[in-house]
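Please read the structure below before turning to the comments.
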Amino acid sequence: MTTTTRRDLPTRYDAAAVEPGIYQRWLESGAFAPAAEPPAGAERFVITMPPPNVTGALHNGHAVFVTLEDLLIRYHRMRGDDTLWVPGVDHASIAAQFVLDRIIGEEGETRASLGRERYLERMWQFMDETRGVIGHQMRRLGASADWSRERFTMDDGSARAVRVAFKRLWDADLAYRGEALVNWCPRCRTTISDLENVKHEEAGTLWRIRYHLARPDGSPDPDAWITVATTRPETIFGDTAVAVHPDDERYRALVGREAILPFLGRRLPIIADDHVERAFGTGAVKITPAHDFDDYEVGQRHGLPIVNVLDEDARLNDDAGEFAGLDRYEARPRILERLSAMGDLEGEEPHQMVIGRCERCGTVVEPRLSIQWFVRTEPLAERAMASVRNGRTRIIPPHFEKVYAHWMENIHDWAVGRQLWWGHRIPAWYCPDGHITVSDAEEGPDACATCGRPATELTQETDIFDTWFSSGLWPFSTLGWPDDTPDYRRFYPTSVMETGYDILFFWVARMMMLGLFLTDGEPFHTVFLHGIVRGEGGVKMSKTKGNVVDPLEVVEEFGADALRFALTASTSPGSDQRLTEAKIAGARNFTNKLWNAARFVIGARPDPLAAPAGELGLPERWIASRLADATARATRQLDDLDPAGYAGGLHDFAWSDYCDWFLEMAKLELRRDGASDGERARVWWTAARTLAGTLRLLHPIVPFATEEIWTRLHALDPALTDGEPLLISAHWPQPGERDALADAQVADLIELVRSVRNLRSGAGLPAGEWIPLAVAPADDATARGLETALRFLEPMARVRPITLRSGETAPSGAPATTGGLGVAWLERAEAATERDGSGREAYLREGIRRLEALLGDARFVERAPPTVVERERARVEELRIQLASLTGNDA
RNA sequence: GGGCGAUUAGCUCAGCUGGUUAGAGUGCACGGUUCACAUCCGUGAGGUCACUGGUUCGAAUCCAGUAUCGCCCACCA
């Protein structure tokens with residue numbers, strides 16, 4: 001038999017060196033995948049994760065979701081639940097095309113030069129190169145997802161789900177095709193959703209332009225005009241009216257007359273509409289229905305013609321006369337120049353305005369009139385709202401329920417078509433007569449659903465779906481839907497959907513709407529939203545700012561456990577957090593602390609190990625009680641989705657209770673003269689078993705270090721691990737019994753040790769010197785139990801000898817302290833001359849003063865609950881006794 | 001223009017449904033080579049809980065208002 005000793009183990013835990021090997025062992029053990037059959041009576045726990053963009057490398061924002069989801073799944077796996085975590089990536093059509101366009105650009109190609117087919121071939125090739133990156137990074141962080149079920153939103157299963165979903169929406173009249181003004185990115189050359197149209201406050205200019213009034217013969221009156229204010233002179237060619245407010249006295253006489261459009265000479269009716277803000281600009285607005293959302297509505301109200309003057313690249317088209325062919329921003333100054341030359345540019349002023357830019361490329365978004373596919377969202381939103389309102393799906397933190405509800409209430413129809421190539425093509429076919437056939441068959445329809453023309457005469461829609469359409473199906477499409485598969489039956493609906501609050505609308509809302517409609521149930525019962533990870537100084541990490549911390553670099557330096565712990569310990573649902581190197585280093589120190597505690601335990605094993613003998617001593621009973629408490633708390637916190645509380649609580653338990661106090665006491669017991677081999681064995685077993693219990697509790701958050709230590713404990717003696725060779729598959733512990741007496745006794749001991757150390761330090765006594773101490777026990781009962789306590793007090797406070805002085809009080813001037821165990825004072829002449837370092841007396845006096853004031857207040861005694869009054873009375877009594885024993889006076 | 005959140009030690013943050021003299025980590029100061037760990041151990045300093053009112057026997061905690069910061073939504077061109 002080989003014996004492991006401390007010497008065999010390095011004093012520092014080298015996370016980066018051991019983590020990959022541990023992950024490999026987990027993989028080989030098959031621990032990540034659910035059992036073939038659900039365990040009898042097991043509860044279900046299924047994670048819905050946000051599939052990251054296939055194109056992007058993982059950043060620390062992703063590390064948060066990997067960490068939180070992994071910790072939940074590991075916890076529930078240990079609980080014996082029927083767990084599943086399906087990993088995967090999103091095809092991110094617009095983002096992927098953006099990246100690929102750049103790549104092929106470097107190769108001298110463009111989208112147009114390649115054509116759709118070759119472009120898509122190139123895209124799949126690109127996917128082969130990048131698809132594995134995210135998965136690799138997730139694994140490095142320890143993600144215990146079921147990789148055998150890994151999915152991609154462009155795989156066949158997703159494609160089928162998309163077709164079926166859309167067909168059902170179409171059949172239910174929840175999808176339609178129609179003309180509408182949509183957000184258009186001239187650079188990406190596609191429609192984007194409202195959410196992708198990011199508003200920015202920017203400095204612009206407001207120009208005042210004269211539109212001459214029309215004379216009866218239709219010619220412009222050189223001496224009469226109406227001045228409009230605009231920020232977009234280049235859309236002038238699309239004007240079809242001038243609007244003023246109906247109550248605006250300045251213009252009342254003009255309503256009903258006509259103005260002449262500069263350059264083109266078109267006659268524009270002057271109309272009255274409430275939409276116009278009298279105080280803004282000149283109070284007169286040019287109405288351009290094809291290029292402004294407001295104007296479009298005004299146009300609808302007044303039956304105005306719609307004139308589109310921009311092409312898909314945002315260049316002026318042939319309707320722009322002499323300016324045709326110019327880019328919108330090239331045209332602007334030229335138009336202004338000409339207007340100025342004509343004397344019709346009345347003036348300009350700086351103007352702060354909100355401008356929409358494409359989330360992906362930053363180009364100013366152009367409202368564009370086109371025929372698009374829409375999903376009718378109102379009926380879907382109604383249900384999605386109800387599910388949250390009635391609690392069938394809860395959102396954490398709860399205040400996001402309001403945000404969610406507000407968005408749902410004001411929802412617009414969802415323009416789902418994208419004029420891109422990389423994505424799921426909309427399964428709609430047009431026949432020459434204009435009929436639309438939507439089919440969910442992979443090969444498309446056999447014939448026009450309306451007139452029966454054969455498939456050969458039909459042409460498929462070229463638009464693809466918004467990426468979020470397929471993501472919206474994720475919780476069930478990844479489980480085999482629309483087929484009634486075993487996975488779907490077993491794992492749907494899912495349990496916790498964990499993601500960042502920034503995609504609440506993009507993704508969560510869509511999953512709710514589509515899930516409820518398509519599966520007739522909520523896709524998950526809990527939405528857990530985490531915050532954004534910011535860097536040093538609180539700035540959001542972004543590539544352009546160059547402050548992105550690569551999780552893999554962190555992992556290499558500090559270990560995945562450290563990153564996971566740092567992220568978890570300072571996460572608060574829905575709130576942003578700052579990730580600093582100091583935090584990560586602190587977490588790394590914690591894993592090192594665990595490692596060294598294990599080194600001690602392993603090295604301290606008596607050899608040979610006798611059979612444990614005797615009753616559990618005070619430190620053993622105490623740590624068992626503390627472990628019971630830590631277990632109960634950790635369990636509750638994980639059930640309540642309080643990962644930060646869980647991490648923090650165990651950090652304290654492991655570091656403070658177990659290492660600082662229990663192991664220190666255990667050392668003394670193991671080395672105590674006169675201890676029998678059986679007693680030593682008993683103490684060691686407690687130390688080792690408690691360590692094992694702590695590892696179980698910590699495993700979800702620091703899986704690697706705990707697994708590594710577990711392995712060594714198991715090798716040392718399988719009895720320590722209950723014969724469970726791998727911690728990842730070990731069971732979550734049940735909390736043991738609390739021991740109130742041991743809790744109190746050790747709490748008193750700790751207080752006394754601290755107080756005496758405090759006295760020493762305050763008296764300026766050298767750290768290494770042994771100082772005589774006198775102790776007067778609080779009472780006879782304490783006196784009888786004091787022997788054990790003093791055994792620990794002596795070395796821990798470095799006091800010797802300790803003399804019992806029952807009934808005595810501290811001589812005046814002696815550094816003294818008191819607590820539950822009684823009074824203690826340093827017996828040392830020169831110490832007495834030093835200042836009283838404890839401050840204990842002042843503390844007690846202040847406490848008594850406050851409580852007496854409180855209890856002397858008749859209103860408090862009369863109105864506060866009796867239990868509270870009673871508790872305060874008992875407290876003041878306790879403090880009085882302590883003070884009396886300390887000073888020798890009857891206080 | 002609406003709405004939401006935040007404001008607690010130098011820094012990063014806990015503090016649940018109101019009830020000891022408000023905590024932790026980190027930083028700082030001082031002291032430590034006793035054989036788990038200096039990525040460590042011990043001791044200490046440091047906070048009128050943003051401000052003003054109110055409710056209450058009692059408020060960091062509940063209510064109202066104010067200020068500052070942040071975020072989300074929104075059709076003044």
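Computation of the quantities below employed the complete heavy-atom set of this structure, encompassing side-chain atoms and omitting hydrogens, waters and symmetry-equivalent molecules. Below, chain A is the first sequence line, B the second, and so on; all start at residue 1.
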Could you write nucleotides 70-77 of chain B as a row of B, S and -, 5' to 3', where a protein heavy atom under 4.0 Å of any base atom gives B, of only sugar-phosphate atoms gives S, and otherwise -? --SS-BBB
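- Among residues two or more places apart in sequence or in another chain, the salt bridge (Lys or Arg N to Asp or Glu O under 4.0 Å) test is passed with A/E877 by A/R880.
- A/R534 has a carboxylate O that lies under 4.0 Å from a charged side-chain N of A/D576, or vice versa, which qualifies the two as a salt bridge.
- In this structure, A/H412 places its NE2 atom where only 12 or fewer heavy-atom neighbours from other residues, nucleotides or ligands lie under 6.0 Å away.
- In this structure, the side chains of A/P10 and A/W595 come closer than 4.5 Å at one or more pairs of heavy atoms.
- With both ends at atom P, the span from B/U26 to B/U34 equals 22 Å, rounded to whole Å.
- Under a 4.0 Å N-O distance rule, the pair A/E751/A/R754 does not qualify as a salt bridge.
- Between A/M796 and A/L668, some side-chain heavy-atom pair lies under the 4.5 Å cut-off.
- Residues A/V228 and A/V285 are not in side-chain contact: their nearest non-hydrogen atoms beyond the backbone lie 4.5 Å or more apart.
- Side-chain N/O atoms of A/N589 include one lying less than 4.0 angstrom from OP1 or OP2 on B/C40.
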What string of B, S and - do you get for nucleotides 42-50 of chain B, 5' to 3', if B is base contact, S is sugar-phosphate-only contact and - is no contact with any protein heavy atom under 4.0 Å? SSS------
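- One interatomic measurement links the two molecules: CZ of A/R633 to C1' of B/C16, which rounds to 13 Å at whole-angstrom precision.
- Regarding contacts with the backbone of B/A36, every side-chain N or O of A/R599 stays at 4.0 angstrom or more from both OP1 and OP2.
- Comparing atom distances between the A/L879 side chain and each of B/G19, B/U26, B/U21 picks out B/U21 as nearest.
- Among the atoms of the strands shown, only primed sugar atoms or phosphate atoms (P, OP1, OP2) are found under 4.0 Å from some heavy atom of A/A767.
- If you check distances only, the side chain of A/K593 does reach the base of B/C37 with a donor-acceptor pair under 3.5 Å.
- Rounded to the nearest Å, the gap between the C1' atom of B/C72 and that of B/G18 is 31 Å.
- Between the side chain of A/R850 and the base of B/U21, no donor-acceptor pair under 3.5 Å is found.
- Distances were taken from every side-chain heavy atom of A/E846 (C-beta onward) to each of B/A36, B/G31, B/U21; the shortest belongs to B/U21.
- As a whole-Å value, the separation of A/R800 CZ from B/U34 P is 14 Å.
- Nucleotide B/G25 holds its C1' atom 7 Å from the NE2 atom of A/H651, rounded to whole Å.
- The CG-P distance, from A/D14 to B/C37, rounds to 17 Å in whole Å.
- If you check every strand for non-hydrogen atoms under 4.0 Å, A/W655 touches sugar and phosphate atoms only.
- Between A/H351 and A/F280, the ring center distance clears the sub-6.0 Å criterion.
- Both thresholds, 5.5 Å between centres and 30° between ring planes, are not jointly met by A/F600 relative to the base of B/C37, so the two rings are not stacked.
- Nearest to the side-chain atoms of A/K402 among the listed nucleotides B/G19, B/U21, B/C4 stands B/C4.
- Between the side chains of A/E870 and A/T867, not a single donor N or O lies within less than 3.5 Å of an accepting N or O.
- At the heavy-atom level, A/R760 lies nowhere under 4.0 Å from the strands shown.
- As rounded to whole Å, 15 Å separates atom P of B/U34 from atom CG of A/L668.
- Comparing the same atom, P, in B/A14 and in B/C76 gives a spacing of 35 Å after rounding to whole Å.
- Within the 4.0 angstrom heavy-atom criterion, no nucleotide atom of any strand lies near A/Y296.
- Of the residues near RNA chain B, A/D857 and A/G847, the one whose nearest nucleotide (by heavy atom distance) lies more toward the 5' end is A/G847.
- Rounded to a whole Å, the CG atom of A/D657 is 14 Å from the C1' atom of B/A24.
- Taken from CG in A/D502 to CG in A/L195, the straight-line distance is 11.5 Å, to the nearest 0.5 Å.
- Side chain of A/D652, nearest nucleotide from B/G19, B/G5, B/A24: B/A24.
- Among the atoms of the strands shown, none is found under 4.0 Å from any heavy atom of A/E872.
- In terms of position along RNA chain B, the nucleotide closest to A/C659 lies nearer the 5' end than the nucleotide closest to the other residue of the pair A/R859 and A/C659.
- The closest side-chain heavy-atom distance from A/L181 to A/E297 is not below 4.5 Å.
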What protein N or O atoms touch nucleotides 9-12 of chain B N or O atoms at under 3.5 angstrom, if any, and at what distances?
from, atom 1, to, atom 2, distance (Å)
B/U12, OP1, A/R578, NH1, 2.8
B/U12, O2', A/K583, NZ, 2.8

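- For the P atoms, the distance from B/A50 to B/A59 is 15 Å, rounded to whole Å.
- A donor-acceptor pair is defined here as one N or O able to donate and one able to accept, closer than 3.5 Å; such a pair exists between the side chain of A/R760 and the backbone of A/R798.
- Put simply, CG on A/L504 is 12 Å from C1' on B/C4, counting in whole angstrom units.
- In this structure, the side chains of A/V753 and A/F792 stay at 4.5 Å or more apart for every pair of heavy atoms.
- Between A/R875 and A/E872, at least one side-chain N (NZ, or NE/NH1/NH2) sits under 4.0 Å from a carboxylate O, which counts as a salt bridge.
- Seen from the ring of A/Y658, A/K593 does not count as a face-on cation partner, given the 6.0 Å and 45° thresholds.
- Of the candidate nucleotides B/U26, B/C37, B/U21, B/U21 has the atom lying nearest to any side-chain atom of A/Y843.
- Between the C1' atom of B/G32 and the CD atom of A/E769 lies a distance of 14 Å, rounded to the nearest Å.
- A side-chain N or O of A/S570 and one of A/Q577 form a donor-acceptor pair less than 3.5 Å apart.
- Within 4.0 Å of A/S575, counting heavy atoms only, lies no atom of the nucleic acid at all.
- Using atom C1' as the reference point in both B/A60 and B/G47, the two lie 11 Å apart (nearest Å).
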Let me have RNA chain B in dot-bracket notation, would you? Count Watson-Crick plus G-U wobble pairs, both distances under 3.5 Å, and use [ ] for pairs crossing earlier ones and | for inter-strand partners. (((((((..((((.....[...)))).(((((.......))))).....(((((..]....))))))))))))....
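- Counting non-hydrogen atoms under 4.0 angstrom, A/P766 reaches nothing in the nucleic acid.
- Counting only residues at least two apart or in different chains, salt bridge (charged side-chain N to carboxylate O under 4.0 Å, His left out) contacts with residues 646-657 of chain A comprise A/R626-A/D657.
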